Amino acid sequence: MTQKLTTIKTQIQRAEQEAGRKAGSTTLVAVSKVHNADTIRPVLDAGHKVFGENRVQEAQRKWPALKADYPDVQLHLIGPLQTNKVKDAVALFDVIETLDRPKLAHALARQFTAQGLHRPCFIQVNIGAEPQKSGILPEQLPAFLTLCRDELALPIIGLMCIPPQGQDPRPYFALLQKLATENDLGQLSMGMSADFPVAIAEGATHIRVGTALFGQRPAKT
Ligand SMILES: *Cc1c(COP(=O)(O)O)cnc(C)c1O
């Protein structure tokens, strides 16, 4: 596991260098979904601190104990968030990467106020405008940002996307980068095990890597 972590870090460094980017400008979000605490601990022991989970309930089973042992962990929610789980999600996750609709924006704003917490959020963009995928459509992003930033005062730090499967992801990463620039957003969460070097070349500040770090997941997700 830690061998894989070292390999990925080297690949990140190389991609940053080739893109002429600053060393260390990419954050590796280690996607630990489906894997149990015994699998996650060695990565924590190796000093890695940023993790991603896609289900609130699964994370609630694993992470309170891990966070108690490793208090400076930063946990990212990278999966869909139902409004009835917002309270729990805000309590447990440090960063919400999947803000994808107005109803959720309102629910997050209410919980941030109720809990006195302001979790940084990424807006998930449906970058390929795929009907089955969640996310804000590129053309609806300015209006959604007005709602989030101006009306609800949410701490929006960037954009997140999952490009269409089986296509060259590069133009989609480039489009997300363009949208972020146009809308004054500095952070970009894009790129997974199969394509993170391309994402780094296109400006990713956060890459979400599961399989390359923890190995193949059982069929569940
Ligand atoms: C599972 C998941 C990942 C990690 O994918 P790998 O291909 O295993 O690296 C990244 N982002 C999201 C949103 C995911 O659900």
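Everything quoted here is computed from the prediction, not taken from an experiment. Position 1 is the first residue of the sequence, and the numbers go up from there. When a ligand or atom number is given, it counts from 1 through the structure's own listing order. FYI, side chains are in, hydrogens and waters are out, and symmetry mates aren't considered; it's all heavy atoms of this structure.
Residues V95, F122, I157, I162 make up the rest of the hydrophobic cluster containing M160, defined by ILVMFWY side-chain heavy atoms closer than 4.5 Å, directly or through other members.
Within the structure, the closest approach of E97 to ligand 1 does not fall below 4.0 Å when heavy atoms are considered.
In the vicinity of R208, heavy-atom distances shorter than 4.0 Å reach the ligand 1 atoms 4 (C), 9 (O), 10 (C), 11 (N), 12 (C), 13 (C). With ligand atoms numbered from 1 in the order given, ligand 1 contributes 6 (P), 7 (O), 8 (O), 9 (O) to contacts under 4.0 Å with heavy atoms of T211. The contact set between ligand 1 and V209, taken as ligand atoms under 4.0 Å from a residue heavy atom, comprises 9 (O). Per-residue contacts place I162 under 4.0 angstrom from the following atoms of ligand 1 (heavy atoms of the residue considered): 13 (C).
K85 pairs by the salt bridge (charged side-chain N to carboxylate O under 4.0 Å, His left out) definition with nothing, not counting sequence neighbours.
N126 contributes a side-chain N or O that, together with a main-chain N or O of K133, makes up a donor-acceptor pair within less than 3.5 Å. With hydrogens and angles ignored, the 3.5 Å screen pairs a side-chain donor or acceptor of R208 with a backbone N or O of S189.
In this structure, OG1 on T7 lies 11.0 Å from NZ on K9, to the nearest 0.5 angstrom.
On a distance-only criterion, G210 and ligand 1 share at least one N/O pair closer than 3.5 Å.
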